[in-house]
Amino acid sequence: MKHFGKTLTFISLAVLLLLISAGSASGKILFNDTLLEGDGFQINNYVIDVAEVFSEHGAATIYVFEGESATPTHDKFVSVGSSFKFTVEGEDVEVTLISIHSGIALRAKLLITVTDGSFINSKTLGEVKGGHKNAVFPKTPVLEITKTVDADSIMVGDVINVKVSVTNSGDGDAEKVLFSDPTSAKFVLQQTLISPSGQTVIKKGETRLIYAYSLKATEPGTFVLNPTTAIYSNSIGDDLPQASSNTPTIIVEDSSKKANLDVTLVVDKYTVDRRGNLQGTIRIKNIGESSASAVTVNLAVPTGLKYSGGDSAIEIISGVPTIYLESFGVQQEKEISFNLKAMDEGTYTLSTQNSYRFSDGINPTSQVASSTSVTNAIYVKKGKYDHLLEQPVYVYLAPLLVIGAVAGWLFYRHRQYKF
Amino acid sequence: MLNILIIGNGQCGNRILDAINRDAFGTKSRFAKYLAHQKYKSNVQTIAINTAVNDLKEMSFTKAKDRIHTPHLHGVGANRNVGKHVFEDNKTLIMKNIQERGNFDVAFVITSASGGTGSSFTPMLIKELKQKCNYPIYAIVVLPFREEGTLYLQNAAFCLKDLRESGTDGIILADNQFLKQMGGNVESAYNGINDMIARRLLFLLDALDSEMMMVTDLGDFKTVMSGGAGIATIGFYEADSEMPIRAVIKKALSPEGLLFSTDAYQEASRSMIIIRGDRKYMSIDEVSSEVEKLSSSVGQVFKGIIVRNDELPQVLTVLTLESAVELEKLYAIAVEAINYEKKKKERVDSMKELDKAFSQIDGMDPSY
């Protein structure tokens, strides 16, 4: 009976210890060991110092510091088995004094738990000899990149000068800084004066010119320069968010001189009887600022119409009526006429494929331009005498036979009386 | 059906023949030959003969096969002696062409008495035909205008003489001098005379082959033509409005209707009267009255009546003459013409004395 009582007491104590243990460790255990008096335990920017151990009282004084501030945010006198809580970045941290150990150096065993430790930086977690005064806290560099251009409205072919500078406005050095500055489309890099080479360090408060180069505009339009970006980390190697520069907007105006051939195609009538004739006119005018060369106008004649001739400027090349003009000056005009015969009923459109070359004064090689001209719909309707051709063969044969007989008779009689 | 041969000799004969062939189409349209057939009742064969090819070429209504060219430059130049030689040279050709056409019941040869080819060919042709054929042959002879010239007048005189001696069965006269009363210019006068002769001959041919109420036929025609002095003429009149048949007959016998100037009641020997028209105009009393009037002077008058519905009355008269004052006048003038030509020839011969003068320098050259 006495033995049964000892067993029952032991089980009760075990359950009690389990319950105590479960109640004090309500999350992840960060620390469960002894700390010498004066040492501390750092969690990110917080340091839990064992400030003083009172072995004769079974208690200890525990400070909680935030950052480099010398004034603790928490000052707790904790007895063995007691605990206190404070919040770090939204999560509860509970500190429980497990035991006190006397000797040459006084020590306190602490159990430190946190409800969710995912926010904790492993580089700033752990025991700190000497406590708060020796703790190392991470700094946050902030890089601000500024891209400037010497002109925001230029002509095609003009050059702009671009400068990119960076300023570390954070409280720590930016390390392993790597810049990137892709060249914007429609611009060609002309000259690079300054550019970073590899990784660099931007000290806290430092401003540095990192890029200086010139770009040449190649096309007209409104363009936004690509941002210069930087990736970097702080002193403890944490990668920080990428920094981006502003994106200047450049308006590039067209300064090139182009030839612009206005080719119009008209016909004298848009409704015509089958077998009727049409007269078409191709009018070419250079309304551009540069003369054109190798002007080619191909007249596409649909199958229901037939090209029946035209001005001498029109040649038939591979069956296609073609106009070729060696050169065509600015504001020059030319009118070329041609004739068509309507062959089949239907609705047709007449078109020309036009191409020419010109020098824009910018590019060393001549530019090629092309266009298409199309007429309105041309309606070919039944011819005046078409109904005559729709009759059966005998309808034509009979009169032809009669005419032939009459002609034969007349010829016969003529020969009879011709002396 | 009668087989009839009509020959046109020389320019005048060709033109009258062409007019006959044209009128036979029933229209004067130039396109008639293409559109119609000739309406001869009989089997009529026509032949044009000429030495001048241009005269043959200008014919329009006579078939080419019916035109015989006897080549001699461009005609014989109104010289009957040359014409006779040309005929002799081409006689075989001409006779062969005629004989190839078969036998005929009657033949007419049309010619001008005054020209070259016609006046010389016709007597010789008739003489040849009479020797080889046994059908009657009548000459239709056109006399010249009296003022046309001495050569024409002497040609006419000798032509008529030759014709009488050729054996012809009769000479039907048409006188340009008499017919020029029609007026108009020379061309229209000639054309008008040609048309008149053509129309009368066609009427005669139609009548000889028609069914008649009162009959006259080829036999009667032969009898008429054999009477008198072998000279005859034809009268014709077509009413242009309704008129009594008596008046139409009188018109046909008057100078207005005759081809030759004659007094039918005084100079005619035998006569034939052919009346054609609607029955309503055929008053037997009137016809008989006029026929009796003529026969009381002439003696024998053959009469025929052809009834054609809706036709105005037309009358054709054939008169053979015992005498012809007008013809005597013509010969009197012709004699003067012959003498004139003879004297002129003598004068021209005397002019040849000039040749002697020119002959004095024969063989000499001028010296400069």
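This one's a predicted model, so the numbers in the text were calculated from it and none came from an experiment.
Taking a 6.0 Å sphere around NZ of Lys65(B), one finds it holds more than 12 heavy atoms contributed by other residues, nucleotides or ligands. Atom CZ of Phe236(B) is surrounded by more than 12 heavy atoms from other residues, nucleotides or ligands within 6.0 Å. Within 6.0 Å of CZ in Phe411(A) there are 12 or fewer heavy atoms belonging to other residues, nucleotides or ligands. The local environment of CD in Glu315(A) is sparse, with at most 12 non-hydrogen atoms from other residues, nucleotides or ligands closer than 6.0 Å. Enclosure of atom NZ in Lys216(A) is not indicated, since only 12 or fewer non-hydrogen atoms of other residues, nucleotides or ligands lie within 6.0 angstrom.
Arg413(A) approaches Lys33(B) most closely through the heavy-atom pair NE-O, 2.6 Å.
Between Tyr34(B) and His414(A), the angle of the ring planes stays under 30°, which puts this pair in the parallel group of the 30/60° scheme.
Taking 4.5 Å as the limit, some side-chain heavy atom of Phe419(A) sits within range of a side-chain heavy atom of His69(B).
Remark: Gln416(A) CD to Asp66(B) CG distance equals 9.5 Å, nearest 0.5 Å. In this structure, CH2 in Trp409(A) is found 9.5 Å from CG in Leu35(B), a value given to the nearest 0.5 Å.
Checking side-chain atoms of Arg415(A) against main-chain N and O of Ala64(B) turns up no donor-acceptor pair under 3.5 Å.
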